[in-house]
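Note sheet for the following structure.
Worth knowing before you read on, the calculation uses all heavy atoms, side chains too, and leaves out hydrogens, waters and symmetry mates.
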Amino acid sequence: MGARLRVFLTQKQDETLLNLRKAKVPQKVKDPAEVIRLNAHGWYVEKIAAHFSWASQTVRVVLHKWEKFGIESLWEKPGRGGKQAWKEEDIEFLEECLKKEPRTYNSFQLADKLEKERSIKLSPDRLRRVLKKKGIIWKRASPSHKGKQDPKQREIKQSDLDMLELAAAAGEIDLKYLDESGFCAWSKPSYTYYKKGEQKRIQQTKSRGRRLSIVGIFEPLSSFLYGLVIGGVDRKAYIQIMEKEAQEAAQMKRLRIIVQDNGPIHRCQEVKQLWSKWEGQGLYIFFLPKYCSEMNPIELEWQHIKEDELAGQMFDDELELAYAVMEGVEVRGKRGDYRTQHIKFKSLHPT
């Protein structure tokens, strides 16, 4: 057995290699630098190989290159490896397109755009990997009404809402969020685990059925009160759920704020006549600015119920759909650590 392979470093060389481990250099430079330092500090080749999960021969090659070329051995010589076809500004161009253009792109469309407008040819697969390293991933898009918003009005309302949230966090008031949404028997297909090379097909039911509407009042981390009705939520259902909130506020003798949008049933004449009564009971309404649904956290609950709990399911009738929605609300309540309560409306088609 020959002598153990060992390199020796000056103090300056050791400091240089240590700094490389902390510098913004490729990992293929950092690892050999650490290999050389460990060997100089007494680690045998076999121990270094086990530490990096390398072959012993790979460690020896690194050490021999160091002995022959010194610090230059850590860097690849010009001309080795494939040349990068794109530049940073090419990817920045795509980022701007994704951010500003009012449409969505997949990797094939982006690769085509890059070739046509920047004369850079990258395969969709390669482009996906490049974008992923830049933090740009394939994800679901959502509709936005930001272009219709009044920025000044939104800023004022957001400031007021922030103050209400602080008061609620301090226990001074109850702050809740109201909104309506709807479901149908045909939910949108989603992703699922399935055997490679095959596609799971969801069989549609005979009829799409009537719309199942839901109105809910959400207090994050505390409660979710909701009711279901066939068709749209009318003013009677809205008044019923608000009357319940007003009665509770009066019983508790505690200020309660309901945050909601400017839907027609929220501002109809019959409802307006009840505002003074509700305020006397301790219930007040905070109206969000127009086209600012993102300021209402209950919107996320609707999204999760539709995309997580009901996605990819088909229902035979409205009753089966209603039970699925109720189960979805219960699941969200457990995950969000809040209690749920279902009320029945005195309407033509209560659920």
When rounded to the nearest 0.5 Å, the distance separating CE of M295 from CG of D261 is 12.0 Å

Open item on the list: Please check: side-chain N/O of Q13 versus main-chain N/O of L9, any donor-acceptor pairing under 3.5 Å?
Closed with: no

Exercise. Do I257 and L255 come close enough that some side-chain heavy atom pair is under 4.5 Å?
Worked result: yes

### Message
Using a 3.5 Å distance criterion without hydrogens, assess whether the side chain of K148 forms a donor-acceptor pair with backbone atoms of C292.
### Response
no

Do the side chains of D150 and R154 get close enough for a salt bridge, i.e. N-O under 4.0 angstrom?
no

For this session: Run the salt-bridge test on R128 and D125 with the 4.0 Å N-O cut-off and return the result as yes or no.
Result: yes

Would you confirm whether N39, through its side chain, and V7, through its main-chain N or O, come within 3.5 Å as a donor-acceptor pair?
yes

Spell out, as yes or no, whether a donor-acceptor pair under 3.5 Å connects the side chain of R6 to the backbone of A40. yes

Residues A185 and L321: closest non-hydrogen pair is N-CD2, 3.8 Å

Test your reading of the model: is there a side-chain donor-acceptor pair from N296 to the backbone of S293, 3.5 Å cut-off? no

Would you be so kind as to tabulate the donor-acceptor pairs closer than 3.5 Å made by side chains of residues 219-226, with sequence neighbours excluded?
| from | atom 1 | to | atom 2 | distance (Å) |
| --- | --- | --- | --- | --- |
| E219 | OE1 | S222 | OG | 3.4 |

- [ ] Could you tell me whether E330 and K334 make a salt bridge, using a distance below 4.0 angstrom between a side-chain N and a carboxylate O?
- [x] no

Next on the checklist: Under a 3.5 Å distance rule, please check whether K157 uses its side chain to pair with a backbone N or O of F286 as donor and acceptor.
Outcome noted: no

With a 4.5 Å cut-off on side-chain heavy-atom distances among I, L, V, M, F, W and Y, is there a chain of contacts connecting V331 to V329? no

Donor-acceptor contacts under 3.5 Å from residues 158-166 side chains, at least two apart:
| from | atom 1 | to | atom 2 | distance (Å) |
| --- | --- | --- | --- | --- |
| Q158 | NE2 | D162 | OD1 | 2.9 |
| E165 | OE2 | Y177 | OH | 3.1 |

Check: Does a sphere of radius 6.0 Å around OH in Y323 hold more than 12 heavy atoms from other residues, nucleotides or ligands, not counting ones at 6.0 Å or beyond?
Finding: no

For L131, the other hydrophobic cluster members (4.5 Å side-chain criterion, sorted by chain and number) are W86, I91, F93, L94, L98, Y105, L110, L114, I120, L122, L127, V130, I136

- Query: Would you say Q240's side chain and K344's backbone share a donor-acceptor pair under 3.5 angstrom?
  - Reply: yes

Tightest non-hydrogen contact, residues G232 and S213, listed as CA-OG, 3.5 Å

Do R256 and I217 have side chains that get closer than 4.5 Å, going by heavy atoms?
-> no

Heavy atoms of G227 and H342 approach each other most closely as CA-CD2, 4.1 Å

The reported gap from OG in S181 to NZ in K306 (rounded to nearest 0.5 angstrom) is 3.0 Å

Quick one: side chains of residues 268-280, donor-acceptor pairs under 3.5 Å with protein atoms, not counting sequence neighbours, listed by atom name and distance.
| from | atom 1 | to | atom 2 | distance (Å) |
| --- | --- | --- | --- | --- |
| E270 | OE1 | R235 | NE | 2.5 |
| K277 | NZ | E243 | OE1 | 3.3 |
| K277 | NZ | E243 | OE2 | 3.1 |

For L175 and A168 the tightest heavy-atom approach is CB-CB, 3.7 Å

Applied to residues 45-68, the ring-ring contact (aromatic ring centres under 6.0 Å, His included) test, sequence neighbours excluded, yields W43-H51, F52-W54

query = Between F218 and R332, is there a cation-pi geometry (under 6.0 Å to ring centre, at most 45° from the normal)?
reply = no

Scanning both residues in full, the closest heavy-atom pair of L20 with V25 reads O-CG2, 3.5 Å

Side chain of Q109, backbone of N106: donor and acceptor closer than 3.5 Å?
yes

Rounding to 0.5 Å, atoms CD (E95) and NZ (K134) come to a distance of 7.5 Å

| Do E15 and R37 sit within salt-bridge range, that is, some charged N less than 4.0 Å from a carboxylate O? | no

- Item | Expected output: side-chain Q153 to main-chain Q149 donor-acceptor under 3.5 Å | no

Residues N262 and P289: closest non-hydrogen pair is ND2-C, 4.1 Å

Note: with side-chain heavy atoms under 4.5 Å as the link, the other cluster members for Y44 come out as none

**Prompt:** K47 versus L38: any side-chain heavy-atom pair under 4.5 Å?
**Reply:** no

